[in-house]
Amino acid sequence: MSFFGNILRALALGAGMTVAAQTAVAQDNPSAVLDEIKASGELKIPVMIGEEPGYIKDPVSGEWTGFYVEFLTEIADELGVKVTPVETTWGNLAADFQSNKIDIAIGVNPNPKRGLVVDYLWEPLFTDAWAVLAPKGKPVATWAELNTPEKTVVVQKGSTMQIVAEALLPKATLTVVEDRNLAILELQAGRADAMIQSVFDTLQIAAQVGGEVTVPEPMLRNPATLAVARKPGNAGYINFLTNWVLQQRSLGLAQGKLAKAFEDRGIDLSILPSNFSF
């Protein structure tokens with residue numbers, strides 16, 4: 001091997017050893033991810049068009065608000081960093097984590113497939129339920145009513161609502177679309193008999209476009225939790241977030257923020273079943 005070849009080989013070996021050493025340090029340091037976020041000065045958060053009131057984009061300034069943004073901003077404040085919005089969709093969150101585009105996701109539902117690359121917190125930030133939006137005058141009392149080939153149900157691609165539909169409505173005709181706005185269009189155009197969403201989102205949509213909101217029986221509770229990328233050194237990050245969630249729930253902060261968000265937008269929560277709580 002030439003002199004220069006030996007030098008290149010040595011450099012390559014050195015680089016490999018450096019990466020291995022950094023990985024070992026991260027594995028030994030449970031605060032490695034927290035340290036990385038603090039050093040960057042930013043918490044990269046997902047934001048989504050058409051997902052009010054969790055994510056609200058000002059069409060003039062481009063500024064993001066909404067209760068999910070409020071929650072994530074509070075977390076960033078605790079860490080002493082700013083939030084950096086990253087536009088995405090529910091179906092792209094796992095890929096966003098893998099490509100290091102985001103540092104956290106909120107309002108997500110535990111999913112075994114995504115759980116291969118994402119760590120979910122065990123404690124939910126709040127509890128939701130799966131609901132149905134149907135045309136006015138056509139409420140859906142039970143899931144069984146939709147489980148026929150004559151019924152068309154629209155869901156968002158790669159979402160938990162798609163999993164719910166495939167599990168509970170195997171006989172129904174499913175229309176899978178990219179985002180919420182397209183799902184609403186399918187319903188408004190009469191091409192769908194129902195749209196599945198979380199009950200809070202369904203109430204928001206109904207306030208905008210009308211329709212019948214129901215929580216079909218049997219009621220399916222929907223834990224909304226936080227998620228982070230699975231990587232060495234994230235144990236401290238998960239511990240910090242778990243403690244933050246426990247404080248939010250035990251003091252009623254999360255529930256109060258949600259109730260206020262819907263009140264401010266004139267959304268009536270009386271549709272919620274008497275045995276349901278956040």
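For the pair D128 (side chain) and V199 (backbone), a donor-acceptor distance under 3.5 Å is present. Q156 contributes no side-chain N or O that, together with a main-chain N or O of D179, makes up a donor-acceptor pair within less than 3.5 Å. Side-chain atoms of T202 never come within 3.5 Å of backbone atoms of L133 as a donor-acceptor pair (strictly under, hydrogens ignored). Judged by distance alone, with hydrogens and angles left aside, the side-chain atoms of R230 form no donor-acceptor pair with the main-chain N or O of D119 at under 3.5 Å. For the pair T214 (side chain) and V140 (backbone), a donor-acceptor distance under 3.5 Å is present. The main-chain N or O of P218 is found under 3.5 Å from a side-chain atom of W143 such that the two form a donor-acceptor pair. A donor-acceptor contact shorter than 3.5 Å links the side chain of N234 to the backbone of A229.
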In a table with atom names and distances, give each donor-acceptor pair under 3.5 Å that connects a side chain of residues 146-155 to protein atoms at least two apart or in another chain.
{"from": "N147", "atom 1": "OD1", "to": "K171", "atom 2": "N", "distance (Å)": "2.9"}
{"from": "T148", "atom 1": "OG1", "to": "E150", "atom 2": "OE1", "distance (Å)": "3.3"}

Scan the side chains in residues 235-243 for donor-acceptor partners under 3.5 Å anywhere in the protein, sequence neighbours excluded, and list what turns up.
{"from": "Y237", "atom 1": "OH", "to": "D103", "atom 2": "O", "distance (Å)": "2.9"}
{"from": "N239", "atom 1": "OD1", "to": "N243", "atom 2": "ND2", "distance (Å)": "3.4"}
{"from": "T242", "atom 1": "OG1", "to": "I238", "atom 2": "O", "distance (Å)": "2.8"}
{"from": "N243", "atom 1": "ND2", "to": "N239", "atom 2": "O", "distance (Å)": "2.8"}

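Just one of E63, E52, E87, E51 meets the salt bridge (charged side-chain N to carboxylate O under 4.0 Å, His left out) condition when paired with K57; it is E87.
Side-chain contact between M48 and R180: absent, with no pair of heavy atoms (C-beta onward) separated by less than 4.5 Å.
The aromatic rings of W244 and F71 sit perpendicular to each other, their planes meeting at more than 60°, with 30° as the lower class boundary. Taking the six-membered ring for Trp and thresholds of 30 and 60 degrees, W64 and Y55 have ring planes more than 60 degrees apart, a perpendicular arrangement.
Applying the side chain to side chain contact (heavy atoms under 4.5 Å, CB included) rule to L116 yields no partners; only residues at least two apart in sequence or on another chain are considered.
Nearest heavy atom pair, residue A227 against residue V118, reads CB-CG1, 3.4 Å. Closest heavy-atom contact between A183 and M195: CB-CE, 3.8 Å. Considering all non-hydrogen atoms of both residues, V132 and P216 come closest at CG2-CG, 3.7 Å.
In this structure, the separation between CD on E78 and OG1 on T73 is 12.0 Å, given to the nearest 0.5 Å. Atom OG1 of residue T84 and atom CD1 of residue I102 lie 12.5 Å apart, to the nearest 0.5 angstrom.
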Run the side chain to side chain contact (heavy atoms under 4.5 Å, CB included) check on R114 and L93 step by step: do they pass? CA-CA 9 Å; R114 290 185 193 145; L93 289 180; 5.6 Å; no

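Sparse packing is recorded around NZ of K157, with 12 or fewer heavy atoms of other residues, nucleotides or ligands lying under 6.0 Å away.
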